[in-house]
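Worksheet: the structure to be examined is printed underneath.
Proteins come first, then strands; the chains are lettered A, B, ... in the order of their sequence lines, and each starts at number 1. Side chains are part of it too, since the values below use all heavy atoms of this structure and drop only hydrogens, waters and symmetry mates. Since this is a predicted model, take the numbers as computed values, not measurements.
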Number of protein chains: 2
Amino acid sequence: MGRWQPNARGRLEQAALELYREQGFERTTVKEIAARAGLTERTFFRYFADKREVLFPDANPLQELILAALAEVPADVAPIDAVSRALQATAERAFEGRRGFARQRQSVIAAHEGLRERELVKLASITEALAEAFRGRGVAEPRASLAAEAGSAVFGVAFRRWISGPEDPADAPDLAREIRECFAELKAAAAEGDTISR
Amino acid sequence: MGRWQPNARGRLEQAALELYREQGFERTTVKEIAARAGLTERTFFRYFADKREVLFPDANPLQELILAALAEVPADVAPIDAVSRALQATAERAFEGRRGFARQRQSVIAAHEGLRERELVKLASITEALAEAFRGRGVAEPRASLAAEAGSAVFGVAFRRWISGPEDPADAPDLAREIRECFAELKAAAAEGDTISR
DNA sequence: TCTTTGATGTCAGCGACTGACATCGTCTGC
DNA sequence: GCAGACGATGTCAGTCGCTGACATCAAAGA
C-alpha cells in the first residue's frame, strides 16, 4: 500500500459535495473539506484551482463526449441536426441513470451565484469547442458559431426541463427526448417567423 | 457644496477601468482603485459587491432597454422576430457610436477569466428576463425559453463580430445589421435540417 | 544502499471581503 | 437657531481564499 490513502482527488470531490449540501457553499471552508478528506488545505489547491472548481471535473469530460459524438455524425448532415444527434447520443451515454446525482449537484450549484457563474463558463467552453468543430467540418462563420450556440441553448433548456421534472425516477423525463423535442421546437419557432427576418 | 466630492460611484468605475487597462485586473488591488478615486477600500465595497462588479453597471441597463424594446413590438409578431426587432432597436439605441468604448471594455474583460464569467452571468440574466417576458406574452414553454436563448445567442455572436471587425470606425460593421444577418443565418441553418429533426 | 521522485505537509503572507463602530457635515423638527 | 437624527465615509480587526517556498518521507529505481 502506498504512503497515502488512494484517490485524494475523489475524496476531496466527495467531501466538498457533502459539505456544500450539508451547510451550503459559502459556509464551508476549504480547510473543512480538506479535513474531511484527511488532507490539508494546501493539497486541496493542488488539485483544484479554486473552491468552485471541485464541482466541475477538469478536462471537461462532457465536452470530450460531445465532440466524440459529433465526430460520429456524417459530415453531410446539416450542422443543426449534427449537433442535435451528438447531444442526444451524449445524453444517453453520460446522463442515463444519473438523474439523482445530477439533481443533487444542480441544487448545490443553483444555491450559489458563484457556482452558476462557473457552470456558464463550462457551457461556454463547450459552445466554443462545438463552433471550432464545425469550422473544422467546413462550416463557414457565422453559421458555425450559431449552430454551436443553438446546440448549447437547447442543451441548457432541455437539461433544466429534465432536472426539474417529477422527482420520482419512474416518471422522470428522458434527457435525449427533451433534447430532440427542444430542437424540434426551436426549428418550429425559427420557421414561424418572417422569412425576411426583419 | 457637500461634505464629499460628488459621484463617488462614477469615480470608482472610472478609476477601476483605467487601472485594469493600465496594469491588468489581477495586478490591481481594490485599495489602489479606491485611492485613485480619493476613497477607501471599504467604501468601494459599499458600492460594488466585488472587484469585478465595478465593470458591470448594476440594475443592468442593457436588460431594461431590451425589455422596453420588446414591449414595443406588437404581440402578434412571432417570438423569434420579436426578439430580433428588440435587439436591433437596442443596438441602435445603446451601442451606436460607442464601439470604441465597447472595444476597450471588452479587451479588459477578455483578458481575465473571472470577468468573462461575470459577463456570462449578465447575459444569462438577460436571457431569463426575455424568457419571462415571452411567458408574459402568452408564449408557452419551452418555446419562450428557446426564443430567449436564441436571441441571446445571436446577440452574443453578432456582438463579437461587431467588436472584432476592422478597427477603423469608418469600416466598422453595424451592430444592428450584424444582428439581423445572424438571425437570418440562424433561421436558414434551422430550416436546412431535417424537419423530422432526429 | 543511495538517490531520486512525487505527493503531501508546514508556514508565512497577500489581498478580497465583512462586521462593528466612529466621525462629522447636513438636514429636520421645533 | 439649535438638538438630534441621518447618511456617506473612515477606521480597525478579523476571516477566508489562495500562493510561493521549503520540508518531509515512503516508494521506486539505479
d([atom1], [X]; [atom2], [N]) in whole Å:
X     : N      : atom1 : atom2 : answer
A:Q5  : D:dA27 : CD    : P     : 12 Å
B:L12 : C:dA16 : CG    : P     : 14 Å
B:L19 : C:dA16 : CG    : C1'   : 16 Å

We want to know whether [X] and [Y] form a side-chain donor-acceptor pair, criterion being a heavy-atom distance below 3.5 angstrom.
X      : Y      : result
A:T127 : A:E149 : no
B:E32  : B:T28  : no
A:R180 : A:Q88  : yes

ask   = Centre of B:F48's six-membered ring, under 6.0 Å away, within 45 degrees of the axis: is that where NZ or CZ of B:R9 sits?
value =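 That pair qualifies as a cation-pi contact.
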| field | Residues that A:E192 engages under salt bridge (Lys or Arg N to Asp or Glu O under 4.0 Å), provided they are two or more places apart | value |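 Applying salt bridge (Lys or Arg N to Asp or Glu O under 4.0 Å) to A:E192 gives B:R143.
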Worksheet item: Just wondering, more than 12 heavy atoms not from B:E167 lying within 6.0 Å of its CD?
Response: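 Not more than 12 within 6.0 Å, no.
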- Quick one, which residues of residues 23-34 of chain B touch DNA chain D with a heavy atom under 4.0 Å?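 Nucleic-acid contacts, sorted: none.
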Would you jot down, in residue-number order, the residues of residues 35-51 of chain B having a non-hydrogen atom under 4.0 Å from DNA chain D?
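Those residues are B:G38, B:L39, B:T40, B:R42, B:T43, B:R46, B:Y47.
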Give every pair of a protein N or O atom and an N or O atom of nucleotides 3-6 of chain C that lie under 3.5 Å apart, one pair per line with the distance.
| residue | atom | partner | partner atom | Å |
| --- | --- | --- | --- | --- |
| C:dG6 | N2 | A:R3 | NH1 | 3.2 |

Looking at B:S107 and B:Q104, would you say the former's side chain and the latter's main chain have a donor-acceptor pair under 3.5 Å?
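Judged by distance alone, yes, a pair lies under 3.5 Å.
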* Which residue pairs pass the salt bridge (Lys or Arg N to Asp or Glu O under 4.0 Å) test with at least one member in residues 86-113 of chain A, sequence neighbours excluded? ->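 Non-adjacent pairs meeting salt bridge (Lys or Arg N to Asp or Glu O under 4.0 Å): A:E72-A:R93.
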Problem - Contacts of B:R116 that satisfy side-chain contact (heavy atoms from CB on, under 4.5 Å) - sequence neighbours left out - result: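 By the side-chain contact (heavy atoms from CB on, under 4.5 Å) rule, B:R116 matches A:A124, B:E119, B:L120.
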Of the non-hydrogen atoms in B:L39 and B:A8, which two are nearest, and what is the gap between them?
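Distance-wise, the nearest heavy atoms are CD1-CB, 3.8 Å.
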